[in-house]
Structure formats: C-alpha cells, structure tokens
There are 2 protein chains.
Amino acid sequence: MNDPGDVPRQPRLTRAEAKARTREQLLDAATRVFARKGYAGASVEEIAESAGYSIGALYSNFASKEQLFLELMSARRERRVNEVASILHAGDPVDALVALLDRSAERDPDLVALRAEFWLYAVRNPEAMDALTAQLRRQVDALIGIISAATERWGTPPDVPAAEVATLVLAMFQGLVRQRRIDPDRVSGELFGQGVRWLFGGLRAASGQQASPGPE
Amino acid sequence: MNDPGDVPRQPRLTRAEAKARTREQLLDAATRVFARKGYAGASVEEIAESAGYSIGALYSNFASKEQLFLELMSARRERRVNEVASILHAGDPVDALVALLDRSAERDPDLVALRAEFWLYAVRNPEAMDALTAQLRRQVDALIGIISAATERWGTPPDVPAAEVATLVLAMFQGLVRQRRIDPDRVSGELFGQGVRWLFGGLRAASGQQASPGPE
DNA sequence: GTCTATACGGCGATAGAC
DNA sequence: GTCTATCGCCGTATAGAC
C-alpha cells in the first residue's frame, strides 16, 4: 500500500536503535580503557578504536570525555542487585554475605580499579561527589537489609544499629580487596568471612546476650 | 693558609647541600601536586613552579616524571613510625590503636589520595608493586606488634593469629577513611573504635575464653 | 645548578565529506 | 550516524646560556 519497490519494511535496527547500540559499545570500551589507563591516562582515540568506531562517532554520542566518564560511572551501578533475595535463602548468613560481596568483586577485575578511579575523581571534583554518595548509600542500604535479616535469624538483638555494622562490613571488605591486590598471599579468600564472624561475635557479646553461636 | 682573598670559607650551603635542598623542595611540591591532580593529570611544569623552580631544575634532579613519582612514594614511608611505643603506654589499647591510625590519616589529608594513586599505579605497572607490598607489610607488622601487646594485656589468648587480625583492622580502617570522604555524616569518628572493640570481642568469644572485658 | 627557549609528540575537540 | 582530516593546545623532555 505505502511502500513500493524493494525497501525493507522492517530494517533490523532503526537509526535510533543503531545509535543506542553504538553508545552501549562505546560505554563498554570506555569501561575497559578507563579501568586500565585511568581517567586522565585514557585517550578518546583508544576508547573509540577499542569499540570499533572512530573519534567522530564518539563525539557524536557524548559531549566530552568527561561526560562519557560520568555517564559510565552512573550507568554501571544499575547492573547488579536483585540477587540478594535468592542468596539469603542459603544456609549460613555469613557465608551468604561473603559470597555476595566476593561475587561483586570477581565479576569484573577492572571494577575495583574503576571504583578507585571514580573515588579519586570525586575527591578532586566535588560536583561529582553526589553521585558517588548515592552509590555508597545504596550499597550500605542493601547490606543493612541482609545483615538485619541475618542477625535476626541468628539471635543478635536489634539494639545494635545495623547501619553502623553494614558500614564496617563494607569497609572491611573494600580494604581487603585492595590489600589482596598488593599482597595476595597474606589475604586469604576466607579472611573476610573470618572477620565478619569475629565482628558478629563481638556484637553478640556487646549486647549482653549469649545467643546460639550459629553454625560453623 | 689555603685560601687567599675574599672567598667565604664556609658558604651557608655547599653545592651538594643546595642541590639536596632543591630535591627536597621538589619532592614536597610533587607530593602536593600529584595528590591534587593525580599522576597522569599532574604536569612537571606545575610541580616545578609550585616548588619555586623551573622545569630544567626538575630534570636536573630527576630523570623523568615517573622516577620522581616513584622516588616520592618510597621516600615518604620513612616519615612516621616510632611513636608507637609511646602511644602504647596509654590506657585503653583500642583507643591507642585508633589514635595511631587516625593520626596517620589526619596528618596530611592529601596522603589518602596519594595512597590511592599509588595503588592504581602499582596495579597498572606491576614492576612497582614490590615497593607497595613492602610498605603494606611494614604497616601490618607494626600493627601486629601493637595488637599482640594489647591482646596480651587484655587477656585474649595468643592462639589467634595476630597477622590476620592486623590485616582486618587495617582493612577496616582504610575502608572507613575512604567512605568518610564520600559520606562523612554516616562515618562518625568513633565508628572505627567501635568496630575494633566488636572485632576483639568476637576474638575473645571465639577463643572460648571469658577474659575480663577490659575498660569501657 | 638553575634558567630560558624550544623540539617533538599526543591529546581533546571540531568541520565537513559521505 | 559515522568517518577522515585537521586545528590548536599542552604535555614531557632536551639544549645551551648564564
């Protein structure tokens, strides 16, 4: 009726879809290059080439190197979560906690470097700090949920502020991840679990209650 | 006898001393600039100017920007330590521990950024990792001394490996320092002390021994 | 020993062809 | 929408004057 000739009615990708796909590929490439070279050390040329495009394509999708970096750092946060519920149904809550954080660290080895890079960027460019604060709070909130569920099941009374415990657990984890890159032999894979167990043990003791020690 | 005329016998600074002084000033300036701009983002021009010298003076004292950075990172580690003994004579060992680490973090706000910068550099340039490993081990060893002294006095039996505890304490501290830059309101100054106390409490509980709970 | 001047390359960003 | 070509700037590092 409305389209004579051999023009395909449904191209595989519309122009908008093609552009969105290019954007995604550029973001993926930028993730790798920024992680490997750092924000200042990375060049837009290497990012574009690594994605299989030209510099012009990059600038047609992002206003500047800085905006590409910022978009990347706020886009990536959406990628995980929601495996929390399933992991909690397992046995030892501490094991579940360890597994959760370990998984997020191992999923992409570059992610730790990228996080350090963004921390430095935000420290030096305070206008970007809000985004990082939001990410941290999201992480801590997720841990609060897990930890309060775990302590409830475990018998630790709820008079210990879960937010503080979550902050401590996250700090310990992040510190260990960085130390492991420096001295792998002295940071065993089980040390984090050990630390969490000790911390929770101290929690129960401080609460003046002798609950069941839980499985171990 | 050996020097006629008006040549000063003892110039305030010999040439070697003057050069050493210039080196020190350049290293100090480099510390500030690298911390503020990052390794890749810092320029040798800004470093030289910040020290009150020219680019030529910088290259007369250091072979390259990279060598300046590496020398800086291995030179700075010598600057503290040796206040450990005095601090241990105080009352609560945990308070002493907290004070020790807090002091090293507050002495120079730039130091935390510089550490992150060096961590990233070493991750990306493995030939520099050895220096970082040595620094970390030094830190952990110092903590082992303090912690074993504290636990002995406190009644925790020595069957818990002090190295693991020291690693955990340091990880928790470093994680909290970084989190505090992101969200100061949720990382109080006392949280680290609280965490250490909980951790030690769990240690005592895990040792199957009910020692005196210590002061608090 | 330090400074000034400069060589040389690489970078971010833009313009115009297709 | 993407590519090629290029502009303009700033970077590291060097050479030679003083």
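Convention: sequence-line order gives letters A, B, ...; per-chain numbering from 1. Here the structure is a predicted model, which means the values were calculated and not measured. No hydrogens, no waters, no symmetry mates; every other heavy atom, side chains included, goes into these values.
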(message) Quick check on B/Gln67: does its CD atom have over 12 non-hydrogen neighbours (other residues, nucleotides or ligands) under 6.0 Å away?
(response) yes

(request) Answer yes or no: is there an ion pair linking A/Arg137 with B/Asp183, defined by an N-O contact shorter than 4.0 Å? (result) yes

(message) Tell me whether B/Asn125 contacts the main-chain N or O of B/Glu127 through its side chain, where contact means a donor paired with an acceptor under 3.5 Å.
(response) no

(request) Would you kindly give the CD-to-P distance between A/Gln67 and C/dG12, to the nearest whole Å? (result) 15 Å

(request) With heavy atoms under 4.0 Å as the rule, sort B/Ala16 into base, sugar-phosphate or nothing. (result) sugar-phosphate

(message) Test your reading of the model: is there a side-chain donor-acceptor pair from B/Trp119 to the backbone of A/Arg178, 3.5 Å cut-off?
(response) yes

(message) Strictly under 4.0 angstrom, non-hydrogen atoms only: write out the protein contact profile of nucleotides 2-16 of chain D, one letter per nucleotide from the 5' end, B, S or -.
(response) BBB------SSBB--

(request) Measure up the A/Tyr39 and A/Tyr121 rings against each other and bin them: parallel (under 30°), tilted (30 to 60°), perpendicular (over 60°). (result) perpendicular

